[in-house]
Amino acid sequence: MHFTTLLIEPPGTDSQLINLMLAPEKFHVKTAECGPAAWNLILENDPPDLVIIDTDLPLAGNVRIGAAQLLDLMSERLRWRNAPKLMLTSDDSAAIFQQSNKKSVCAAILKPYDPRRFIHEVYCCIRKQLDAHIKEVNRQHIELGTEIKSVAKLYNQNAIKGRLKEILNSLERHFEFEEEFMLQHYYPDLKAHQKGHRRLFDNAKELIDELCRSDQVITGAKIDQIIDNVFDGVDDDKKYIAFLYDLLESLTSHITTGNTAVCAGN
Ligand SMILES: [Fe+2]
Ligand SMILES: [Fe+2]
């Protein structure tokens with residue numbers, strides 16, 4: 001599994017050093033060498049697992065887009081808002097560290113910094129991100145389960161049909177959410193998991209479409225059939241979640257063995 005990083009850093013020794021430090025740790029690093037380049041990259045791409053941003057960005061032509069503006073842009077964009085940010089700065093003024101209080105800035109490191117401290121903070125940020133993903137997957141599973149089971153309590157046939165269609169939409173969004181993360185991180189069983197999702201979704205859609213078209217009463221047995229179908233994919237998800245927890249564990253052990261300090265906020 002790989003993690004993606006956007007490094008916003010002018011060309012030079014710092015940039016080379018960071019690339020050198022991150023490569024053996026299986027991070028894919030994309031670099032933006034100035035504010036405008038980072039600006040375009042943020043507008044045109046999905047967020048990475050971690051943004052590393054140097055506050056000392058140079059002028060690009062006559063244009064200066066600084067770290068504060070980039071942080072504002074990211075916070076305005078739904079998908080970038082929660083991507084963790086690690087700031088590197090040679091400015092120890094309060095203003096810089098106020099920026100670092102923004103919710104998704106997980107650490108601010110004063111330059112010159114100890115490379116071990118840098119790697120430690122990178123791992124802390126990634127671990128937080130992974131932990132948030134696991135919590136979100138679990139939350140969606142509980143929500144889906146609750147939604148499906150609530151159908152059995154409804155009596156009005158139109159209400160049942162409406163709820164079944166909503167469940168189908170939630171299921172599709174949930175599968176997209178899982179697959180996007182798997183794809184971005186090279187989950188080894190992605191293909192098999194995707195295949196399971198397709199089979200499960202097609203079966204659920206066929207059942208629900210048929211029920212919604214028909215004038216027959218939707219019985220408890222029919223609803224149970226949908227529930228059984230949706231929970232048929234539970235083994236694939238158990239495997240995925242076990243994989244994520246293993247990964248979280250390996251990040252945690254890397255942090256605790258590489259450095260005894262505890263991540264901020266944990
Ligand atoms: Fe799932
Ligand atoms: Fe799944």
Side-chain angles (χ1 to χ4, degrees), residues 1-4 26-28 45-50 77-84 104 125-154 159-212 218 220-252:
M1 199 141 179
H2 293 250
F3 293 102
T4 53
K26 291 196 173 180
F27 287 96
H28 283 177
N45 292 276
D46 289 335
D49 294 303
L50 175 65
R77 298 186 69 79
L78 188 67
R79 303 202 52 210
W80 282 77
R81 190 172 298 152
N82 294 324
S104 60
C125 292
I126 295 288
R127 190 182 66 164
K128 275 185 201 165
Q129 184 74 339
L130 183 60
D131 191 43
H133 176 74
I134 294 172
K135 286 192 173 103
E136 179 57 21
V137 170
N138 288 336
R139 190 197 66 75
Q140 290 187 14
H141 285 161
I142 291 167
E143 193 174 79
L144 264 171
T146 312
E147 256 186 272
I148 293 167
K149 286 185 176 161
S150 73
V151 181
K153 293 180 188 154
L154 297 173
I160 293 176
K161 287 177 182 177
R163 187 71 61 83
L164 288 175
K165 283 178 186 168
E166 283 169 21
I167 288 169
L168 208 52
N169 289 335
S170 301
L171 203 58
E172 191 168 33
R173 280 197 301 274
H174 171 67
F175 290 164
E176 279 172 8
F177 174 78
E178 280 187 2
E179 287 174 24
E180 191 181 333
F181 193 88
M182 291 174 186
L183 189 69
Q184 198 184 351
H185 298 90
Y186 304 87
Y187 176 55
D189 287 321
L190 168 67
K191 285 244 159 31
H193 203 113
Q194 268 177 325
K195 210 169 150 187
H197 280 170
R198 291 288 78 76
R199 176 181 51 77
L200 216 140
F201 182 80
D202 290 347
N203 289 345
K205 189 173 182 332
E206 198 180 310
L207 271 170
I208 290 172
D209 283 350
E210 195 184 307
L211 289 176
C212 290
I218 300 173
K222 284 285 178 196
I223 294 169
D224 285 346
Q225 203 181 339
I226 295 169
I227 294 174
D228 287 348
N229 176 68
V230 170
F231 285 101
D232 193 30
V234 86
D235 283 344
D236 280 352
D237 272 6
K238 274 187 190 164
K239 196 173 166 188
Y240 176 52
I241 289 166
F243 175 85
L244 293 177
Y245 275 117
D246 282 349
L247 192 61
L248 192 67
E249 181 69 32
S250 74
L251 290 174
T252 307

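As the structure is a prediction and not an experimental result, all values here were calculated from the model. Every number for a ligand or one of its atoms is a count from 1 in the order of the listing.
Side chains of H141 and E178: a donor-acceptor N/O pair is present below 3.5 angstrom, by distance only.
Heavy atoms of other residues, nucleotides or ligands lying less than 6.0 angstrom from CD of E136 number more than 12.
Inside a sphere of radius 2.8 Å centred on the Fe ion (ligand 2), the protein N/O/S atoms present are E178 OE1, H193 NE2, H197 NE2, D237 OD1.
Under 4.0 Å is where a charged nitrogen must lie from a carboxylate oxygen, and between D131 and R127 no such pair does.
The aromatic rings of F27 and F3 lie tilted to each other, with the angle between the two planes from 30° to 60°.
Applying the ring pair (Phe, Tyr, Trp, His ring centres under 6.0 Å) test between H133 and each of F243, Y245, Y187, F177 identifies F177 as the sole match. Shown are N45, D49, D46; of these, the side-chain hydrogen bond (donor to acceptor under 3.5 Å, both in side chains) with T4 is made only by D49.
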